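Take a look at the structure set out below.
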Amino acid sequence: MREPPHVVTCGLPYANGPAHIGHLRTYVPADLYVRVLRKLGENPVFVCGSDTHGTPIVVNAESLKITPKELVERYHKYFDETFRKLGVIFDNYGSTDSDFNHRRTQAITEALIDRGYVYPKLIELAYCPACKIFLPDRYVDGTCPYCGAPARGDECDQGCGRHLEPGEIRDPLCNVCGSKAEFRVQEHYFFKLSAFKDFLLEFLEGLKGTSNARNYALGWVKGELKDWCITRNLDWGVKFPGRDDLVVYVWVDAPIGYIASTEEWAAREGRDWEEYWKGENARITHFIGSDIVYHHCIFWPAMLKGAGYALPSTIIASGMVKIDEKTFSKSRGHVVWVDEYLDNGFHPDLLRYYLASYTSHTKELNFSWKVFQEKCNNELLAILGNFAYRTLLFAFKNFGKIPDGKIEEEVISKIKETIGLVKASIDEYEPKRLVDSVMALANFGNSYFQSRKPWELVKEDKEACGEVIKNAIQIVKALAILLEPVMPSKMETLWEQLGMKGDIHEIPITEALKVIESGSELSKPMILFDRVEDETIERMQDILQQRIEGCEESVEKSDLITYDQFEKLDIRAGRVVEAEAVKGSKKLIRIMVDLGEDKPRQILAGIAGLYTPDELLEKEIIVLANLEPAKIFGIESKGMLLAAGDGVLLVPDREVKIGDKIR
RNA sequence: AGCGGGGUAGGGUAGUCAGGAGAUCCCGUCGGGCUCAUAACCCGAAGAUCGAUGGUUCGAAUCCAUCCCCCGCUACCA
């Protein structure tokens, strides 16, 4: 029986900036998934490519004084190389600016027009009379029609966060020259998304993959589906058929890039791409980040359905990445760049391991250098690396080759069990479960080694010792095969150390059970995982910290403070337990305030004009508790009373607990 | 508000869809052992009223109901 054609894709990286570990949260598990499938005898086509269109790229290119094409070619090359460095190997890494994609996008758009799913409509759009251009998306600033906050053309980024359709924004200003834009009527094209509601409900019910993708999309489809404006006034992009002045919206041609990338691969390999995208039994698996569920579970299947293509069978959405428990943020510096990781000498497989083993694929993944170090040293080095090294070194020193002996039933069944768990983890799209299962086998290996005491046996009964070592080597072999999808390069090294023939990347999973041949020569093993030292981690933490501080400085220039900054203020309720005028001063009163701490605090307040010390006694007041201590009139003050106007004290409106934090 | 996702030992994290003995694994703590191995390894112990309350059940972390808290959707995004 022939295996059904299966294409696996990854969300396309936007060719407008460098790769960060957030990207990898999707790409590494996808690569791992494909590698395991291949070990199980399947042969999916794995494609991806650069997303190259849209206004942010045009805007960015202008600010860099280069053409959009130059910009995207630069990043396209960069992403292609970066993925290879990380062992994420696509069968084809295309570009949405390729001829393949221009052609395919136009063909699909034409198909949608022919089938009556696209209609023209006159809408009022911002037009800059000075620049003489219509202003799409981020070319225009203005006011949100829903909440009144400042907004960009395509979304209310500072207010309610709504997506804005072209023409919705009020008081538009041209982003290029800053002059006031006017509204002009123009014809644009809309995709009848509303016509696909019933189809989408049924489609989503049958969609495989992670529940976060399906549930989230179902929520949207059950609500109101609006028709979707699919054209923009730009030069850069895929021309809308029959209109030289319009390009299709970037979210039209981006997913079509999956098809185009498959076509590019098929053309090179002499294969038929239509089997993969139009065939009746075609299987399509998308790996995406949970931020683009809407596009992949709603727009995309509707487009495919409308144009007569095969539909996605599986959509796997990964959770987001946090850095040190903080929401991932480039502008706040909460980001770790892939180049920074690699340039500091870390092996890519360590990061692959971290991403695969941290948590369930759909949950938020926290990255911290500290945890990175722990995982490397305690799991990779101490458990896996140590087991492989002690086994191979012992074998090399005492036998020089793989010794004779029978593989114990317990060892075979443990490996068998692990293979079963690996298969199950792939069926559930849970790389962590895969790693946990295989690491349990490594643990078993250490335990086995320890309990059989080969270092004693070697003196008494060399033959029995050889058998133990052979069993241990069999476990190492299984580990190498089973972990290749997670750490392809490190496991290749281990494979070589075992003296195994053949390419580990092509060795099927069943080979893990095949008894290793006795007698083949062993060379001196090398250490597989080096210790990650404290200084190294401190250095990386410093890099991160400095970036965050640099970003905070630029934020401080604005009058607004962030919530994080506000949170730093320790404002608490307290009670005055002592109060007396400060001798020699007109306005100062020295008070002792109970803030629910061990002892009351001394605070100086300049309120003698409005209050007498007696009035203050026993009063409940509000205090900024973590103000830097200062000497006033020679007396230390550790905090500040909150008062308004000339010094009218703020007091709690109702009874509060002393020491309660103000929020 | 709505929708989506969470709340499990000191920290992190599995198990929840398909309900069953002592609730997983990693770090940390404590005690022992080993010495082949990168101060690595092994064995054991302490530590969790599984967010709260109520219900279903012989049996609930798991199913049902209600409630509380955190996060995302909602800058830059995979």
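Please read all numbers here as calculations on a predicted model, not as lab measurements. A note on names: the letters A, B, ... follow the listed sequences, proteins ahead of strands, and every chain is numbered from 1.
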Could A:K462 and A:F399 be counted as a cation-pi pair, given that NZ or CZ must be under 6.0 Å from the ring centre and within 45° of the axis? yes

Quick one: is B:C43 close enough that its OP1 or OP2 comes under 4.0 Å of any side-chain N or O from A:S447? yes

Once you round it to whole Å, what is the distance between C1' of B:C41 and CG of A:L380? 16 Å

Looking at every strand, decide which applies to A:D530 at a 4.0 Å heavy-atom threshold: base, sugar-phosphate, or nothing. nothing

Rounding to an integer number of angstrom, what distance separates B:U13 and B:C27 when you compare their C1' atoms? 11 Å

With sugar-phosphate meaning primed atoms plus P, OP1 and OP2, does A:V321 contact a base, only sugar-phosphate, or nothing at under 4.0 Å between heavy atoms? base

Which value, in whole Å, describes the distance between the P atoms of nucleotides B:G31 and B:C36? 25 Å

Length of the CE-C1' vector between A:M439 and B:C25, whole Å: 11 Å

Taking the side chain of A:F394 as heavy atoms from C-beta outward, which of B:G6, B:C36, B:C26 is closest to it? B:C36

Need one value for A:S329: base, sugar-phosphate or nothing, where a base atom within 4.0 Å counts as base even if backbone is also close, heavy atoms only. base

Taking the C1' atom of each, how far is B:C71 from B:G10, in whole Å? 23 Å

Output field: ring centroids A:F299/A:W228 closer than 6.0 Å: yes

Considering only side-chain heavy atoms of A:E428, which listed nucleotide, B:C42, B:A18, B:C77, is closest? B:A18

Tell me which nucleotide among B:C41, B:C77, B:G5 gets nearest to the side chain of A:H20. B:C77

Can you tell me how far P in B:A18 sits from the matching atom in B:C64, rounded to whole Å? 9 Å

Any base atoms under 4.0 Å from A:K397, or only sugar-phosphate, or nothing? Heavy atoms, all strands. sugar-phosphate

Spacing of A:H296 atom NE2 relative to B:A78 atom P, expressed in whole Å: 11 Å

A:Y14 has an atom OH; how far is it from atom C1' of B:A78, in whole Å? 15 Å

For the side chain of A:N378, starting at C-beta, report the closest nucleotide among B:A78, B:C26, B:A37. B:C26

Does A:N212 put a side-chain nitrogen or oxygen below 4.0 Å from OP1 or OP2 of B:G72? no

Suppose we define a pair by two distances each less than 3.5 Å, Watson-Crick or G-U wobble; what does B:U66 pair with here? B:A52

Ring centroid separation for A:W455 and A:F394, is it under 6.0 angstrom? no

By a 5.5 angstrom centroid cut-off and a 30 degree plane limit, is there stacking between A:W455 and B:C36? yes

Please give, in whole Å, the distance from B:C73 C1' to A:W220 CH2? 7 Å

Of the listed nucleotides B:A37, B:A78, B:A18, the one nearest the side chain of A:R390: B:A37

NA contact type, A:N446, heavy-atom cut-off 4.0 Å: base, sugar-phosphate, or nothing? sugar-phosphate

Looking at B:C41, does its base get a donor-acceptor pair with the side chain of A:Q450 below 3.5 Å? yes

What contact category does A:L393 fall into here, base, sugar-phosphate, or nothing, at under 4.0 angstrom with non-hydrogen atoms? sugar-phosphate

Considering only side-chain heavy atoms of A:N215, which listed nucleotide, B:G5, B:C25, B:A78, is closest? B:G5

Between B:A37 and A:Y389, is there an OP1 or OP2 to side-chain N/O distance shorter than 4.0 Å? no

Under 3.5 Å: donor-acceptor pair, side chain of A:H296, backbone of A:I292: yes

What interatomic distance, in whole Å, is found between C1' of B:A61 and the corresponding atom of B:U8? 7 Å

At under 4.0 Å between heavy atoms, what does A:G289 touch on the DNA or RNA strands: base, sugar-phosphate, or nothing? sugar-phosphate

Identified pairing partner of B:G72, criterion: Watson-Crick or G-U wobble below 3.5 Å: B:C3

Hunt down the Watson-Crick or G-U wobble partner of B:A14, both distances under 3.5 Å, from any strand shown, or write none. none

Closest to the side chain of A:K432, out of B:C36, B:U13, B:A78, is B:U13

Closest nucleotide among B:U38, B:G72, B:A78 to the A:F529 side chain: B:U38

Could you measure between the two P atoms, the one in B:U56 and the one in B:C43, and give it in whole Å? 44 Å

Expressed in whole Å, how much space separates the C1' atoms belonging to B:U29 and B:A21? 28 Å

Separation of B:G2 atom C1' from A:Y216 atom OH, nearest Å, is 11 Å

Validation row, ring centre A:H20 to ring centre A:F328 under 6.0 Å: yes

To the nearest Å, how far apart are A:M320 CE and B:G72 P? 12 Å

Would you indicate what A:Y358 reaches in the nucleic acid, counting non-hydrogen atoms under 4.0 angstrom: base, sugar-phosphate, or nothing? sugar-phosphate

Can a side chain N or O of A:R433 be found less than 4.0 Å away from OP1 or OP2 on B:G15? yes

Below 4.0 Å: OP1/OP2 of B:C27 and any side-chain N or O of A:N377: no

May I ask you to check whether A:H347 and A:F529 place their ring centres under 6.0 Å from each other? no

Do A:W369 and A:F346 have ring centroids that are under 6.0 Å from one another? yes

Pair assignment for B:G19, Watson-Crick or G-U wobble, requiring both distances under 3.5 Å: none

Nearest-Å distance once atom C1' is located in both B:C69 and B:U57: 29 Å

Are any of A:T359's side-chain N or O atoms less than 4.0 Å away from OP1 or OP2 of B:A14? yes

Residue A:K363, side-chain heavy atoms: nucleotide from B:A40, B:G6, B:C43 that is nearest: B:G6

By the Watson-Crick or G-U definition, both distances under 3.5 Å, B:C41 is matched with B:G33

Under 4.0 Å, counting only non-hydrogen atoms across every strand here, what does A:I292 touch: a base, just sugar-phosphate, or nothing? sugar-phosphate

Identity of whatever pairs with B:A78 - Watson-Crick or G-U, under 3.5 angstrom: none

Taking the side chain of A:T26 as its heavy atoms from C-beta onward, which of B:A78, B:U38, B:A37 lies nearest to it? B:A78

Over how many whole Å does the gap from A:D31 atom CG to B:A78 atom C1' extend? 15 Å

Is it true that A:R452 and A:E408 make a salt bridge, defined as a side-chain N closer than 4.0 Å to a carboxylate O? yes

Aromatic A:Y358 / basic A:K432 pairing, under 6.0 angstrom, 45° off normal: no

NA contact type, A:S211, heavy-atom cut-off 4.0 Å: base, sugar-phosphate, or nothing? nothing

When you match A:V371 and A:I527 each to their closest nucleotide on RNA chain B, which lands nearer the 5' end? A:V371

Regarding A:S451, tell me which of base, sugar-phosphate or nothing describes its non-hydrogen contacts under 4.0 Å with the strands shown. nothing

Counting the atoms with a prime plus P, OP1 and OP2 as sugar-phosphate, which does A:F449 contact under 4.0 Å by heavy atoms, base, sugar-phosphate, or nothing? base

Check: A:D404 main-chain N/O paired with A:E467 side-chain donor or acceptor under 3.5 Å: no

